[in-house]
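Working notes for the structure below.
Keep in mind that this is a model prediction, so the values were computed, not measured. Every chain is numbered from 1, with letters handed out A, B, ... down the list of sequences.
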There are 2 protein chains.
Amino acid sequence: MSQPKIARIDQSKLRESAYDALHEAFTRGAFAPGETVSLRTLADQLGTSMTPVREAVRRLVAEGALVDTPSRTLEVPPFDADRMRELKSARLALEALLLEEAMDRIDKDVITGLEKIISAPRSETGTPDLKQNYDFHFTLYRQSRSRVILPLVEALWLQYGAFLNLVVREQAAGEIPEHIHHEEIIAALRDNDRKSAQRSLALDIERSFKLLLPES
Amino acid sequence: MSQPKIARIDQSKLRESAYDALHEAFTRGAFAPGETVSLRTLADQLGTSMTPVREAVRRLVAEGALVDTPSRTLEVPPFDADRMRELKSARLALEALLLEEAMDRIDKDVITGLEKIISAPRSETGTPDLKQNYDFHFTLYRQSRSRVILPLVEALWLQYGAFLNLVVREQAAGEIPEHIHHEEIIAALRDNDRKSAQRSLALDIERSFKLLLPES
DNA sequence: TTGCGTGTGATCTGTGATATTTTATACCAT
DNA sequence: ATGGTATAAAATATCACAGATCACACGCAA
């Protein structure tokens with residue numbers, strides 16, 4: 001029994017490419033809540049036919065990033081404070097589980113990687129570092145090797161991502177020091193201090209929603 | 001501006017019908033872990049073309065009820081104890097949140113409805129009352145009016161559903177008294193005793209996994 | 001002869017594109 | 001305002017294609 005010497009070529013799979021492109025756009029806050037999108041437009045922009053886009057869109061709908069309207073168009077869910085509160089409590093519950101699992105397995109190299117992520121030069125454009133924040137959390141969560149909860153959390157971030165679009169404008173005024181909690185988390189990881197790590201993560205999640213849920 | 005007097009018949013939407021049919025089949029434990037399914041076969045059985053089935057299947061994949069294989073076929077995820085443990089902790093975390101919200105809003109009529117569900121005649125066929133269990137939990141959870149967490153929990157049940165197929169055979173031997181915890185939950189709802197309701201729900205979820213995760 | 005690996009082809013699969021049908025909305029005339 | 005029509009979009013069906021699987025026969029070696 002010989003092991004394969006060469007890797008499989010990852011054939012076509014336009015559906016995956018389309019999904020990846022849209023996923024990236026969502027985490028970037030490229031879509032505004034309430035905005036409607038058209039399959040044909042997306043297909044044109046991606047340079048494919050409607051079929052792969054449709055399947056990618058079906059997945060996004062299943063994940064809550066898009067919703068079907070009664071008139072059979074697609075729209076980015078409009079802002080909704082109740083939904084936002086649910087996103088927050090779901091994130092608090094599930095990301096705590098991921099952190100717990102991750103701390104069972106994480107090694108020094110990954111922690112160093114996390115430090116590298118947050119110490120990367122902040123973007124010069126004045127836009128908040130959405131991608132940096134995403135990368136920090138998910139390289140941490142991926143250490144959990146979770147195959148059930150991690151996809152759920154990805155879906156939550158996807159829903160949350162659209163709302164970030166609303167925040168980007170006033171971000172400069174908000175001046176949220178997001179890296180503070182990230183540094184606390186890294187320190188706790190080094191000390192293997194679970195309590196402290198959980199507390200810092202919870203604070204970081206709370207922080208994420210401060211601008212969108214001012215009352216809390 | 002006149003309001004429509006009669007409800008729309010939700011014609012067409014074959015995609016939704018296909019999804020509903022498959023969803024029902026999963027919660028019924030109709031599919032066995034490891035089993036492969038074919039778009040054409042499903043389309044034939046449902047009496048539609050491949051297209052609606054394909055989109056329904058895309059959603060099921062997004063929810064984790066089906067997975068794509070490297071050879072581009074579809075299969076029901078094979079049994080996996082790690083996945084099972086994740087399902088359990090995710091259910092414990094999220095359903096606790098739903099119960100909390102539900103207890104803020106539930107009224108007497110719904111509690112009576114819950115009693116009616118569990119007092120319905122147990123199926124004569126010897127098969128466990130999967131649907132009865134499903135209906136009990138979700139009529140309760142629906143009271144939370146959740147639009148974020150509830151779909152996540154549905155997805156978890158969908159993944160869990162396939163594994164139930166494995167249990168059905170030995171169920172008679174297991175002889176699990178599932179209605180015990182359900183009755184405790186109802187009593188706690190009547191007393192508005194949150195602590196007790198949460199405890200009973202957790203026990204009920206633990207019970208669900210007893211046969212599949214004997215070690216715990 | 002027996003056993004095992006190998007190639008072959010029929011048949012199945014998902015994928016992607018496109019044609020057809022259905023529905024919703026905007027527009028225009030009345 | 002009302003009603004009909006035109007237009008555009010989504011939903012569905014159908015088709016062409018490339019890859020994967022399986023059964024089976026063939027050939028070589030022990």
Subject >> Evaluation steps, side-chain contact (heavy atoms from CB on, under 4.5 Å), between Glu154(B) and His23(B) >> reply: CA-CA 10 Å; Glu154(B) 291 242 30; His23(B) 185 285; 3.2 Å; yes
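At a cut-off of 3.5 angstrom, counting only N and O atoms as typed in the model, there is no donor on one side facing an acceptor on the other between the side-chain of Arg15(A) and the base of dG14(C). A donor-acceptor contact under 3.5 angstrom links the side-chain atoms of Thr51(B) to the base of dA13(D).
One side chain, Glu86(A) or Ser146(B), offers a donor N or O that lies under 3.5 Å from an acceptor on the other. Side-chain contact of Tyr19(B) with Glu63(B): a donor-acceptor pair under 3.5 Å is present, judged by distance alone.
Rounding to whole angstrom units, CG of residue Leu39(B) and P of dT12(D) are separated by 15 Å. Atom-to-atom, CG of Leu14(B) to P of dA11(D) comes out at 11 Å; the value is rounded to the nearest Å. Distance Met50(B) CE to dT12(D) P: 15 Å, rounded to the nearest Å. The CD atom of Glu75(B) sits 12 Å away from the P atom of dG14(C) (whole-angstrom rounding). A straight line from CZ of Arg72(B) to P of dA20(D) spans 7 Å, rounded to a whole angstrom. One can place CG of Asp68(B) at 15 Å from P of dT13(C), the figure rounded to the nearest angstrom. Atom CG of Leu74(A) and atom C1' of dA24(C) are 14 Å apart (whole Å). If you measure from atom CZ of Arg54(B) to atom P of dT12(D), you get 13 Å, rounded to the nearest angstrom.
Each of Arg40(B) and Gly47(B) was assigned the nucleotide of DNA chain D with the nearest heavy atom; the assignment lying further toward the 5' end belongs to Gly47(B). Closest-nucleotide positions on DNA chain D for Thr73(B) and Thr48(B) were compared, and the one nearer the 5' end corresponds to Thr48(B).
Heavy atoms only, all atoms of each residue included: Ser89(B) and Ile149(A) are closest at OG-CD1, 4.0 Å. In plain terms, the two heavy atoms of Gln198(A) and Ala96(A) that are nearest each other are NE2-O, 3.1 Å. When all heavy atoms are compared, the tightest approach of His137(A) to His182(A) is NE2-NE2, 3.5 Å.
Taking 4.0 angstrom as the limit, Ser38(A) places none of its side-chain polar atoms (N or O) nearer than this to OP1 or OP2 of dA8(D). A sub-4.0 Å separation between OP1 or OP2 of dT13(C) and a side-chain N or O of Thr69(B) is absent. Contact annotation: Ser49(A) side-chain N/O to dT18(C) OP1/OP2 distance is not under 4.0 Å.
As judged by a 4.0 angstrom heavy-atom cut-off over every strand, Val37(B) is placed among residues touching the sugar-phosphate backbone only.
Non-hydrogen atoms lying under 4.0 Å from DNA chain D are contributed by nothing in residues 55-67 of chain B.
Using a 4.0 Å cut-off between charged nitrogen and carboxylate oxygen, Asp135(A) and Arg142(A) do not count as a salt-bridge pair.
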